[in-house]
*Asks:* 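Below is one structure. I have some questions about it.
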Amino acid sequence: MMKQSPAISLWEAYAFPVGAAVGVRQLSDPAIAALCVREFSALVAENAMKPMYILDRQATLLGGSNTRAAITLEAGSPIADFAAAHGMTLRFHVLVWHQQTPRWFFTQGWDDTPEAPLVEADVLAERMANYITDVMQAVNRRWPGLVSAWDVVNEAVEPEHGHPQLLRTRNSLYYQIMGEGYIRHAFQTARRNAAPGQALCYNDFNSFQPDKQQAILRFAKPLAAEGLLTGIGMQTHLTMDFPASMSEYEQALRRYADLGVEVQATEIDIRTHDNTPTGQQALADRYGALFAVFRRAVRDGIPMGHVMLWGVRDCDSWLCRPERPAYPLLFDHTGARKPAYDAALQEEKQA
Ligand code: G3I
């Protein structure tokens with residue numbers, strides 16, 4: 001029997017924007033583009049708006065400044081153009097992140113040789129502020145009203161690094177050069193450049209784990225009280241048994257909301273390599289439980305921001321490898337809705 005198409009789509013089912021991470025290549029596929037327009041009201045660039053794709057070293061060297069890197073928005077512009085053309089909003093991922101930011105951004109003379117000496121804290125502070133300022137102003141000028149949320153700082157907490165406040169140290173040149181102050185500096189700069197209504201988010205994975213939650217709350221609380229941070233992004237990369245209970249995730253979401261900020265589920269996928277009907281029904285049950293958390297939050301007046309899948313089709317997922325396929329999302333490799341889709345949508349119909 002042909003499966004009935006649901007009467008409504010994901011974005012129509014919820015009061016908050018629902019979307020997915022995409023790459024430029026995916027949007028050039030008419031079938032995926034049509035699926036995104038039908039199902040989503042928001043997009044986020046999976047990679048194309050990360051510093052490594054925006055920073056232009058040749059133009060930086062030609063510019064001759066020691067504190068202002070040259071930027072280009074071309075890599076991600078097709079995604080922004082698509083979202084704007086279809087009345088969607090865009091989450092901007094990501095301004096300050098220890099990954100996918102070239103090392104030359106942190107070196108004397110923008111030197112890209114492997115062991116080039118690093119700059120001092122005051123120089124990096126200016127470089128960071130100029131980068132955030134130039135990107136936010138260029139994006140808001142080119143796509144006015146499009147960006148609804150900025151991932152200002154991503155993944156600054158890493159309990160395994162042994163910092164007294166569990167901050168990421170070992171692989172963060174921002175931390176190593178500027179210390180913890182880079183977090184506040186990033187949010188202060190973003191605050192000065194945000195357009196009205198744009199959320200300024202701290203984004204991290206496993207943010208429901210008690211130790212990470214405490215570490216995030218410690219620096220986010222004062223930033224939120226000063227209006228510098230207005231959103232917490234819970235990345236939501238889950239597995240079938242982590243967290244053991246969805247109530248752990250729900251309690252964390254509500255603790256973040258208690259800061260008086262919006263909470264966003266920014267990078268949802270639920271890792272499974274089991275594509276059997278039983279395995280996919282178990283995945284559906286887990287998605288149903290997750291979207292029930294979002295629905296209860298809205299019911300209880302918690303400001304739920306974006307709810308974003310980290311990919312469109314299973315085969316698009318960063319978790320899916322040729323040698324080990326994964327099935328973590330709501331649409332299968334053909335773009336067909338999976339039981340997990342029905343579960344996410346079904347929760348709303350039962351509301
Ligand atoms: O662009 C190059 C391409 O030129 C080259 O041919 C190809 C093969 O080496 O690599 C391409 O770069 C890859 C990039 O994705 C774009 O596809 C990188 O190798 C690969 O490491 C990178 O992976 C991304 C990863 O972030 C990087 O850390 C994933 O797609 C992306 O899903 C993942 O997303 C992160 C979020 O940004 C932050 N939260 C965690 C999440 C999952 O790690």
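Numbers here are sequence positions counted from 1. In listed order, ligands and their atoms are each counted from 1. Because the structure is a prediction, the values reported are computed rather than measured.
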*Asks:* Side chain or backbone of N154 under 4.0 Å from ligand 1, or both, or neither, by non-hydrogen atoms?
*Replies:* side chain

*Asks:* Is it true that H306 and T266 share a donor-acceptor pair across their side chains at a distance under 3.5 Å?
*Replies:* no

*Asks:* Do Q108 and E120 have side-chain atoms, one donor and one acceptor, less than 3.5 Å apart?
*Replies:* no

*Asks:* Nearest protein heavy atom to atom 26 (O) of ligand 1, by residue and atom, and its distance?
*Replies:* K50 NZ, 3.1 Å

*Asks:* Report, in ascending order of atom number, the atoms of ligand 1 lying under 4.0 Å from any heavy atom of Q235.
*Replies:* 39 (N), 40 (C)

*Asks:* Is it true that the side chains of H237 and D269 contain a donor and an acceptor less than 3.5 Å apart?
*Replies:* yes

*Asks:* In terms of side-chain heavy atoms, does Y341 have a donor or acceptor partner in E39 at a distance below 3.5 Å?
*Replies:* yes

*Asks:* Return a yes/no value: protein heavy atom under 4.0 Å from atom 15 (O) of ligand 1?
*Replies:* yes

*Asks:* Short list, please: which atoms of ligand 1 are under 4.0 Å from a heavy atom of W318?
*Replies:* 32 (O), 42 (C), 43 (O)

*Asks:* Among F205, F208, Y249, which one satisfies ring pair (Phe, Tyr, Trp, His ring centres under 6.0 Å) with F242?
*Replies:* F208

*Asks:* I'd like to know if atom 43 (O) of ligand 1 has any protein heavy atom within a distance of less than 4.0 Å.
*Replies:* yes

*Asks:* Considering only protein heavy atoms, which is closest to atom 34 (O) of ligand 1, and at what distance to one decimal place?
*Replies:* W310 NE1, 3.3 Å

*Asks:* Decide whether D274 and T272 meet the rule of one side-chain donor and one side-chain acceptor closer than 3.5 Å.
*Replies:* no

*Asks:* How about D285 and Y287: does a side-chain donor come under 3.5 Å of a side-chain acceptor?
*Replies:* no

*Asks:* Taking atom 31 (C) of ligand 1 as the reference point, report whether a protein heavy atom occurs under 4.0 Å from it.
*Replies:* yes

*Asks:* Would you mind listing which atoms of ligand 1 come within a distance below 4.0 Å of any non-hydrogen atom of E267?
*Replies:* 36 (C), 38 (C), 39 (N), 40 (C), 41 (C)

*Asks:* Parallel, tilted or perpendicular, judged at 30° and 60°: which one describes the rings of Y14 and F16?
*Replies:* parallel

*Asks:* Heavy-atom pairs closer than 4.0 Å: do any link ligand 1 to the side chain of F205, the backbone, both, or neither?
*Replies:* neither

*Asks:* Cluster partners of V94, using ILVMFWY side-chain heavy atoms under 4.5 angstrom, listed by chain and number?
*Replies:* W97

*Asks:* So how far is it from I183 CD1 to L228 CG, rounded to the nearest 0.5 Å?
*Replies:* 12.5 Å

*Asks:* Do Y175 and H163 pair up side chain to side chain, a donor and an acceptor below 3.5 Å, judged on atom types alone?
*Replies:* yes

*Asks:* Kindly state if atom 10 (O) of ligand 1 has a protein heavy atom within a strict 4.0 Å cut-off, that is, under 4.0 Å?
*Replies:* no

*Asks:* Using a strict 4.0 Å cut-off to heavy atoms of E155, name the atoms of ligand 1 that fall inside it.
*Replies:* 38 (C), 39 (N), 40 (C)

*Asks:* What protein heavy atom lies closest to atom 28 (O) of ligand 1? Include the residue and the distance to one decimal.
*Replies:* Q99 OE1, 2.8 Å

*Asks:* Using a 4.0 Å cut-off to any heavy atom of Q100, which atoms of ligand 1 qualify?
*Replies:* 25 (C), 26 (O), 27 (C), 28 (O)

*Asks:* How close does the nearest protein non-hydrogen atom get to atom 1 (O) of ligand 1, and which residue and atom is it?
*Replies:* Y53 OH, 2.9 Å

*Asks:* Under 4.0 Å from a heavy atom of H237: which atoms of ligand 1 are those, numbered in the order shown and with their elements?
*Replies:* 40 (C), 41 (C)

*Asks:* Any non-hydrogen protein atom below 4.0 Å of atom 6 (O) of ligand 1?
*Replies:* no

*Asks:* Are there protein heavy-atom neighbours of atom 3 (C) of ligand 1 below 4.0 Å?
*Replies:* no

*Asks:* Does the protein come close to atom 36 (C) of ligand 1 - that is, does one of its heavy atoms sit below 4.0 Å from that atom?
*Replies:* yes

*Asks:* Numbering the atoms of ligand 1 from 1, which are under 4.0 Å from a heavy atom of E46?
*Replies:* 29 (C), 30 (O), 31 (C), 32 (O)

*Asks:* Between T278 and Q281, is there a side-chain donor-acceptor contact under 3.5 Å, judged purely by atom types and distance?
*Replies:* no

*Asks:* May I ask you to list the atoms of ligand 1 that are less than 4.0 angstrom from any heavy atom of H93?
*Replies:* 36 (C), 37 (O), 38 (C)

*Asks:* How far is atom 24 (C) of ligand 1 from its nearest protein heavy atom, and which residue and atom name does that atom have?
*Replies:* N47 OD1, 3.3 Å

*Asks:* Salt bridge check, E74 against R142: does any charged N sit closer than 4.0 Å to a carboxylate O?
*Replies:* yes

